[in-house]
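Before any comments, here is the structure.
Both backbone and side-chain heavy atoms feed into the values below; hydrogens, waters and symmetry mates do not.
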Protein chains: 2
Amino acid sequence: MSGDGAAELAVGVASDRVVAELREAILDGRLPPGSRLRQEELAALLGTSRVPVREALRTLAAEGLVETEANRGAWVPWRSPAEVDLLYRMRERLEPLALEVSLPNLSPADLDRLGELQERIRTWPGVEAFLRLDRELHLAVYAGCTTEPLAGTVLRLWNATQHYRRLYMTLSGPRRHWVVNAEHDLLLDALRRRDPVDAGRLLEGHIRRTRCELARHPEVFDRGVPRS
Amino acid sequence: MSGDGAAELAVGVASDRVVAELREAILDGRLPPGSRLRQEELAALLGTSRVPVREALRTLAAEGLVETEANRGAWVPWRSPAEVDLLYRMRERLEPLALEVSLPNLSPADLDRLGELQERIRTWPGVEAFLRLDRELHLAVYAGCTTEPLAGTVLRLWNATQHYRRLYMTLSGPRRHWVVNAEHDLLLDALRRRDPVDAGRLLEGHIRRTRCELARHPEVFDRGVPRS
DNA sequence: TGCCTTGACATTGGATCCAATCGTGACAGA
DNA sequence: TCTGTCACGATTGGATCCAATGTCAAGGCA
């Protein structure tokens with residue numbers, strides 16, 4: 001999870017390091033939509049040759065985090081309001097399933113940890129911290145679901161929408177933060193009661209509400225000044 | 001769709017050709033689970049160097065069609081009964097959504113084509129033809145859903161379970177084929193009525209029944225003689 | 001002036017070569 | 001006979017070089 005800074009120790013396979021670095025850079029906003037990803041530039045930046053970079057770009061393209069076109073290069077894709085809406089609808093259907101699979105495998109200690117995360121979320125901790133904690137909370141709910149296709153798909157849905165979640169939180173701020181708290185409290189209560197039906201429904205509603213509020217802020221999808 | 005034989009014309013990017021060839025080989029059973037994918041071997045077979053092959057393997061790995069491990073190579077993964085069960089549950093949730101998105105975009109001609117496919121399915125046409133037509137029919141239902149993440153995810157779910165669908169059909173044969181026909185007929189009728197709710201429910205039931213029947217045949221998951 | 005051509009440059013795609021790692025079987029010792 | 005070690009072959013990972021393609025701007029022609 002940590003292991004953030006100064007990964008110049010060059011441990012592991014280069015391609016995988018490149019994938020991890022790029023994924024992180026895209027998710028934390030350093031590479032917003034529209035960013036072009038030049039192979040040579042990235043290779044120099046990450047201290048490898050272009051080969052691992054190319055493999056990493058293929059991987060990320062298959063994940064949907066970057067787009068590539070033959071002989072034209074790779075870049076971080078923009079997403080339309082309709083596409084993000086659909087990504088949220090997919091989450092509404094898949095995440096309750098992931099929860100249902102996960103819940104029996106969550107220990108009381110796991111549930112306690114969820115509570116701690118929510119306590120740190122409760123007092124609006126700022127946009128970046130909220131994004132990090134909220135993501136960690138939700139993904140921790142699915143930690144008991146280790147089956148790759150489902151866990152991986154859910155993760156990709158989160159990744160694909162991360163940028164727009166950030167923009168939305170930035171402009172909405174803590175205004176309706178109490179709603180999130182209430183929803184999280186109810187969700188965690190249902191989890192402690194080991195009730196996947198109740199929890200699933202709350203989760204679906206939580207995602208659906210977010211989708212609807214996001215739909216009322218189309219300015220999130222405005223393409224600002226293009227970045228190099 | 002066609003373009004099967006003798007693709008030595010070397011059109012397009014080599015990596016993409018390799019991806020397409022491998023995907024096809026895995027889906028049509030030439031590369032069953034357990035098959036090891038040696039880079040040099042594939043490169044020679046497809047008339048390229050190892051570089052495009054490596055990129056293709058990364059792509060397919062991200063798609064879940066192959067598994068790779070650093071310094072150990074790539075192979076077609078086995079899937080456990082629990083994993084396939086979960087893949088079907090994901091389909092039950094996602095395909096009705098894809099249908100809902102797609103239906104408004106399907107023309108009467110598209111619906112006619114679905115009917116033609118079902119007519120060719122009606123008289124048990126043998127395992128391979130059934131697999132091909134059934135897949136084509138279902139994916140044609142979602143043809144109006146062009147949004148990549150959903151369409152792509154649905155396609156991956158189909159791809160990931162193709163091998164086990166084949167094994168199941170092989171051993172079950174035409175015995176309960178009338179059920180498929182009835183379900184398809186009802187589904188197509190609901191589509192012609194432009195009723196996404198009804199169609200979605202029928203679709204979910206269709207997938208769910210398949211999942212349950214598959215669950216009663218664990219021998220499908222037996223690992224036969226390992227292939228080279 | 002406007003549009004098309006053309007050429008140089010930037011960038012990506014592919015092939016070959018070298019390095020690192022893994023698996024396997026032979027061999028020595030207990 | 002069993003086990004641990006070592007060395008070799010097989011295979012994958014990475015770097016460099018070359019080819020192909022795309023971009024873009026300058027210049028010629030209508």
Item to check | Check: R79(A) side chain, A160(A) main-chain N or O, donor-acceptor pair, under 3.5 Å | outcome: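 Yes; judged by distance alone, with no hydrogens or angles, the pair exists.
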Checklist entry - What do the steps show when you test E100(B) against R93(A) for salt bridge (charged side-chain N to carboxylate O under 4.0 Å, His left out), and what is the final call? => result CA-CA 13 Å; E100(B) 180 188 326; R93(A) 308 223 172 188; 3.6 Å; yes
Next on the checklist: Let me spell it out: for each of S15(A) and N71(A), pick the nucleotide of DNA chain D with the closest heavy atom. Which residue's pick is nearer the 5' end?
Outcome noted: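 Nearest-nucleotide comparison on DNA chain D picks S15(A).
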Next on the checklist: If you assign T48(A) and A70(A) each to the DNA chain D nucleotide with the nearest heavy atom, which residue ends up on the more 5' nucleotide?
Outcome noted: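 Here T48(A) is the residue nearer the 5' end.
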Interatomic distance where [atom1] belongs to [X] and [atom2] belongs to [N] [whole Å]:
| X | N | atom1 | atom2 | answer |
| --- | --- | --- | --- | --- |
| D16(A) | dG13(D) | CG | P | 9 Å |
| L57(B) | dG14(C) | CG | P | 14 Å |
| L37(B) | dT11(D) | CG | P | 13 Å |
| E69(B) | dG13(D) | CD | P | 11 Å |

Checklist entry - So how far is it from L150(A) CG to L157(B) CG, rounded to the nearest 0.5 Å? => result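 Those atoms lie 9.5 Å apart.
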Next on the checklist: With no hydrogens and no angle check, just 3.5 Å: does a side-chain donor-acceptor pair link D110(A) and S107(A)?
Outcome noted: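 There is such a pair (donor and acceptor under 3.5 Å, judged by atom type) between the side chains of D110(A) and S107(A).
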Item to check | Base of dG13(D) paired with side chain of R50(B) (donor-acceptor, under 3.5 Å) | outcome: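 Answer is yes: a donor-acceptor pair is held.
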Item to check | Polar side-chain contact R54(B)-dG14(D) base: donor and acceptor under 3.5 Å | outcome: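 Indeed there is one.
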Proximal nucleotide (of [options]) relative to the [X] side chain:
| X | options | result |
| --- | --- | --- |
| Q39(B) | dG13(D), dA15(C), dT12(C) | dG13(D) |
| E55(A) | dG14(D), dT23(D), dG13(C) | dG14(D) |
| S49(A) | dT11(C), dT16(D), dT12(D) | dT16(D) |
| E40(B) | dG13(C), dT23(D), dT12(D) | dT12(D) |
| V51(A) | dG13(C), dA15(C), dT11(C) | dA15(C) |
| R38(B) | dT12(C), dG14(D), dT11(D) | dT11(D) |

Next on the checklist: Check this for me: does any side-chain nitrogen of one of R30(B) and E21(B) sit under 4.0 Å from a carboxylate oxygen of the other?
Outcome noted: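 Salt bridge between R30(B) and E21(B), a charged N being under 4.0 Å from a carboxylate O: no.
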